[in-house]
Amino acid sequence: MESFYIETYGCQMNEADSEYMASILLSLGFEKAESVKKADIILVNTCSIRDKAEKKVLSFVGRVKNIKYTRDVILGVCGCVAKQEGENLLNKAPYIDIVFGPHQINRLPEFLNKVRNTGEKVIAIGDSNDYKRDLGTIYYPGVRALIPIMQGCNNFCSYCIVPYVRGREISRNENEILDEIRRLGELGVKEVMLLGQNVNSYGLDRGLKDGFVSLLEKVSKIEDIKRIRFTTSHPKDLTDKLIDAFSILDKLCPHIHLPVQSGSNKILSLMNRKYSREEYLEKVDRLRKVCPEMSITTDIIVGFPGEDEKDFQDTIDLYQKVRFDSAFSFKFSPRPGTKASTMENVVSEEVKQIRLEVLQTLQKEITYEKNKQMEGRILPVLIEGKNSKSHKELVGRTPCFRVTNVMYDEGNLDDMIGKIVYVKITKGLKNSLKGYLIK
Ligand code: SAH
Ligand code: SF4
Ligand code: F3S
């Protein structure tokens with residue numbers, strides 16, 4: 001039997017696309033390869049959000065080239081770098097067989113056939129004006145499934161390449177999303193993570209008002225699904241109605257990823273984010289009022305053009321005010337074709353590095369402190385698997401999405417996967433919690 005290997009870079013949209021491609025390939029009768037070296041089909045799902053992500057792709061593809069010298073392997077590159085570079089990729093790496101964009105995934109079987117039958121290269125990076133997934137192939141064996149509810153982005157934040165590589169916002173049909181989730185529930189999925197670059201605007205392109213909240217209400221009625229999460233929310237579109245949903249919908253977990261990007265109004269305006277730090281702080285207050293347990297995480301860019309010491313201090317100040325549960329911080333990386341890539345007053349690499357380290361050190365302290373505050377509490381943990389490092393530990397997540405290792409030496413660990421159990425937290429560590437099962 002032929003086998004496949006998928007290497008994935010980038011965001012959860014890409015992870016979801018890779019899971020989908022895997023289910024397409026499984027439905028065609030291929031099996032998952034143990035390693036890239038053993039695979040007959042190798043796909044690389046790429047990301048171009050920052051310079052580093054792009055470089056990783058070329059280095060991976062270069063390694064596959066050596067495998068191709070020894071065996072007959074089909075190499076496909078998809079995702080955002082494929083969309084952005086198109087034919088250029090073939091000039092840089094002529095041993096690639098297929099280059100296809102995020103809107104072309106449904107055609108994967110056709111591409112593979114073409115390469116097999118004719119030996120010709122395939123380049124397919126066009127846009128589609130609908131967003132459909134073939135539900136006939138859906139197969140996710142895990143406890144949590146990533147469900148894209150829309151593609152693309154209309155926001156054009158001045159630093160960001162996503163609107164150029166993923167196109168404008170296209171929402172999936174609501175019934176198709178619900179059908180997919182129902183089927184996943186039947187397959188044993190307990191938790192869904194609804195995905196989009198800005199889920200808050202789900203349905204606007206289909207003329208729906210409050211489409212996202214209404215979708216959440218419908219998902220929460222699906223019995224097999226016990227937990228619902230979503231990402232990402234753009235702060236400008238976080239409505240009171242959505243905030244209220246956290247107290248109304250029991251299955252909606254108390255965690256929101258709310259990227260702030262900067263704490264300085266000057267920089268937020270240059271970034272075209274369309275909210276001020278004051279408005280952001282107000283939404284955080286409202287979230288915590290409605291749901292005191294709410295875990296809030298964020299993304300930050302340091303060293304955006306024009307960011308001076310005062311702007312950076314504003315970001316630190318915002319960190320201290322919000323006290324995020326965790327944060328991803330990045331050095332600004334100029335992306336081709338974006339507005340920010342030609343802005344003046346660029347910040348030097350050294351200053352970017354220093355600012356990144358300052359923020360990361362501060363965040364580590366806050367994350368650790370927040371994890372420590374969990375000690376002694378009893379929390380419902382959805383068990384996702386076994387701890388690979390210990391034979392007597394299960395791994396799961398709390399409602400607020402903290403990874404939790406649970407001591408368990410009484411029976412078969414596999415029987416516990418997919419169950420929600422009560423866990424007494426004994427230790428808050430730097431990036432996770434530890435505890436034991438309460439009967
Ligand atoms: N749609 C999401 C973000 C997707 S990209 C949102 O609006 O929040 C994930 C993160 O990458 C962004 O939140 C941002 O912090 C970071 N990012 C995007 N473009 C970047 C760039 N050019 N340089 C550095 N970081 C960037
Ligand atoms: Fe990029 Fe902004 Fe769209 Fe997020 S909202 S994907 S940061 S343009
Ligand atoms: Fe990267 Fe594309 Fe996602 S650029 S972050 S994989 S939308």
Side-chain angles (χ1 to χ4, degrees), residues 6-18 44-57 77-85 101-103 105 125 146 148-170 194-202 204 230-238 256-263 267-268 270-275 280 296-305 307 315 324 326-343 346-347 349 352-353 355-356 359:
I6 306 178
E7 175 85 357
T8 308
Y9 300 103
C11 62
Q12 283 164 313
M13 293 294 287
N14 259 17
E15 276 174 41
D17 284 347
S18 290
V44 198
N45 198 359
T46 61
C47 171
S48 49
I49 200 84
R50 285 169 291 274
D51 189 38
K52 255 195 187 158
E54 238 174 70
K55 287 196 177 125
K56 266 202 217 153
V57 170
V77 179
C78 54
C80 296
V81 177
K83 168 74 184 171
Q84 187 188 309
E85 296 277 323
H103 287 198
I105 294 178
I125 54 169
L146 303 173
I149 60 167
M150 57 204 295
Q151 276 259 34
C153 184
N154 292 351
N155 289 310
F156 288 92
C157 302
S158 64
Y159 49 82
C160 185
I161 197 144
V162 170
Y164 303 91
V165 287
R166 293 265 170 173
R168 289 305 76 69
E169 278 171 14
I170 309 173
L194 307 180
L195 297 181
Q197 295 299 346
N198 178 19
V199 289
N200 304 353
S201 54
Y202 170 78
L204 285 182
F230 59 81
T231 195
T232 303
S233 274
H234 194 306
K236 78 173 163 58
D237 297 318
L238 178 61
I256 189 165
H257 186 61
L258 198 62
V260 65
Q261 313 297 358
S262 168
I267 298 299
L268 286 173
L270 285 170
M271 287 176 163
N272 192 31
R273 288 291 286 182
K274 301 201 174 85
Y275 53 85
Y280 185 90
I296 302 177
T297 57
T298 204
D299 292 344
I300 290 269
I301 298 177
V302 295
F304 187 85
E307 183 188 74
T315 296
F324 294 107
S326 75
F328 298 103
S329 42
F330 310 104
K331 291 191 268 185
F332 169 71
S333 166
R335 304 285 61 218
T338 60
K339 207 161 168 198
S341 67
T342 55
M343 283 182 185
V346 295
V347 176
E349 266 313 300
K352 281 186 199 167
Q353 185 60 34
R355 289 183 184 165
L356 188 74
L359 276 188

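The structure displayed is predicted, hence computed values, not measured ones. Atoms within a ligand are numbered from 1 in the order they appear, just like the ligands themselves.
Between Glu307 and Lys352, no side-chain nitrogen of the basic residue sits less than 4.0 Å from a carboxylate oxygen of the acidic one, so the salt-bridge criterion is not met. Arg166 and Asp17 are joined by a salt bridge, as a carboxylate oxygen and a charged side-chain nitrogen come within less than 4.0 angstrom of each other.
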Using the rule given for side chain to side chain contact (heavy atoms under 4.5 Å, CB included), can you reason through Met271 versus Ile301, listing the C-alpha separation, both sets of side-chain angles and the distance that settles it, and then say yes or no? CA-CA 10 Å; Met271 287 176 163; Ile301 298 177; 4.0 Å; yes

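The shortest N or O to N or O distance between Ser333 and ligand 1 is below 3.5 Å. Note: an N/O pair closer than 3.5 Å links Gln197 and ligand 1 by distance alone. Looking at Thr232 next to ligand 1, no N or O pair under 3.5 Å apart turns up.
Residue Cys157 touches ligand 2 through backbone and side chain together, judged by heavy-atom distances below 4.0 Å. Neither the backbone nor the side chain of Gln261 comes within contact range of ligand 2; no heavy atom lies under 4.0 Å. When non-hydrogen atoms are compared, ligand 2 lies under 4.0 Å from the side chain of Pro163 (C-beta onward) but not from its backbone.
When side chains are defined from C-beta on, Asn155 does not count as touching Gln197, because their heavy atoms never get closer than 4.5 Å. Two residues are said to be in side-chain contact when any heavy atoms from C-beta on lie closer than 4.5 Å; Thr315 and Val302 fail this criterion.
Every atom of ligand 3 with a heavy atom of Cys11 under 4.0 Å away is listed here by number and element: 3 (Fe), 5 (S), 6 (S), 7 (S). Close contacts between ligand 1 and Phe330 involve ligand atoms 10 (C), 11 (O), 15 (O), 16 (C), 25 (N) [criterion: under 4.0 Å to a heavy atom]. Within ligand 3, the atoms closer than 4.0 Å to a non-hydrogen atom of Cys47 are 1 (Fe), 4 (S), 5 (S), 6 (S), numbered from 1 in the order shown. Heavy-atom proximity to Gln197, at under 4.0 Å, picks out these atoms of ligand 3: 7 (S).
Nearest protein neighbour of atom 7 (S) of ligand 2, counting heavy atoms only, is Tyr159 OH, 3.4 Å. Annotation: atom 1 (Fe) of ligand 2 to nearest protein heavy atom, Cys160 SG, 2.3 Å. Of all protein heavy atoms, the one closest to atom 5 (S) of ligand 1 is Ile49 CD1, 3.5 Å. Nearest to atom 11 (O) of ligand 1 among the protein's heavy atoms is Arg50 NH1, 3.0 Å. Scanning all protein heavy atoms for the shortest distance to atom 6 (S) of ligand 3 gives Asn14 ND2, 3.3 Å. Atom 7 (O) of ligand 1 has as its closest protein heavy atom Arg273 NH1, 3.5 Å. Here the heavy atom of the protein found nearest to atom 19 (N) of ligand 1 is Tyr159 CD1, 3.3 Å. Protein heavy atom closest to atom 10 (C) of ligand 1, with residue, atom name and distance, is Asp299 OD2, 3.4 Å. Given atom 15 (O) of ligand 1, the protein heavy atom at minimum distance is Gln261 OE1, 2.7 Å. Of all protein heavy atoms, the one lying nearest to atom 2 (Fe) of ligand 3 is Cys80 SG, 2.2 Å. Nearest protein heavy-atom neighbour of atom 8 (O) of ligand 1: Pro259 CG, 2.9 Å. Protein heavy atom in closest approach to atom 3 (Fe) of ligand 2: Cys153 SG, 2.3 Å. Counting protein heavy atoms only, atom 4 (S) of ligand 3 is closest to Ser48 N, 3.3 Å.
For the pair Lys331 and ligand 1, a heavy-atom separation below 4.0 Å is found. Within the 4.0 Å heavy-atom shell around ligand 1 one does not find Asn198. In this structure, Arg335 has a heavy atom closer than 4.0 Å to ligand 1. Using a 4.0 Å heavy-atom cutoff, Arg273 is listed among the residues neighbouring ligand 2.
Considering CG of Asp299 and OG1 of Thr232, their distance stands at 7.0 Å, rounded to 0.5 Å. Atoms CD1 and CD1, on Ile170 and Ile149 in that order, are 13.5 Å from each other to the nearest 0.5 Å. A distance of 11.0 Å separates CG of Leu146 from CG of Asn14, quoted to the nearest 0.5 Å. Between the CZ atom of Arg273 and the SG atom of Cys157 there is a distance of 4.5 Å, given to the nearest 0.5 Å.
The closest side-chain donor-acceptor pair between Ser233 and Asn200 falls under 3.5 angstrom.
The backbone N or O of Ala340 lies less than 3.5 Å from no partner atom in the side chain of Ser158, so there is not a single donor-acceptor pair. Using modelled atom types, no side-chain atom of Arg50 and backbone atom of Phe332 make a donor-acceptor pair closer than 3.5 Å.
Ring geometry for Phe156 versus Tyr164: interplanar angle over 60°, hence perpendicular rather than tilted (30 to 60°).
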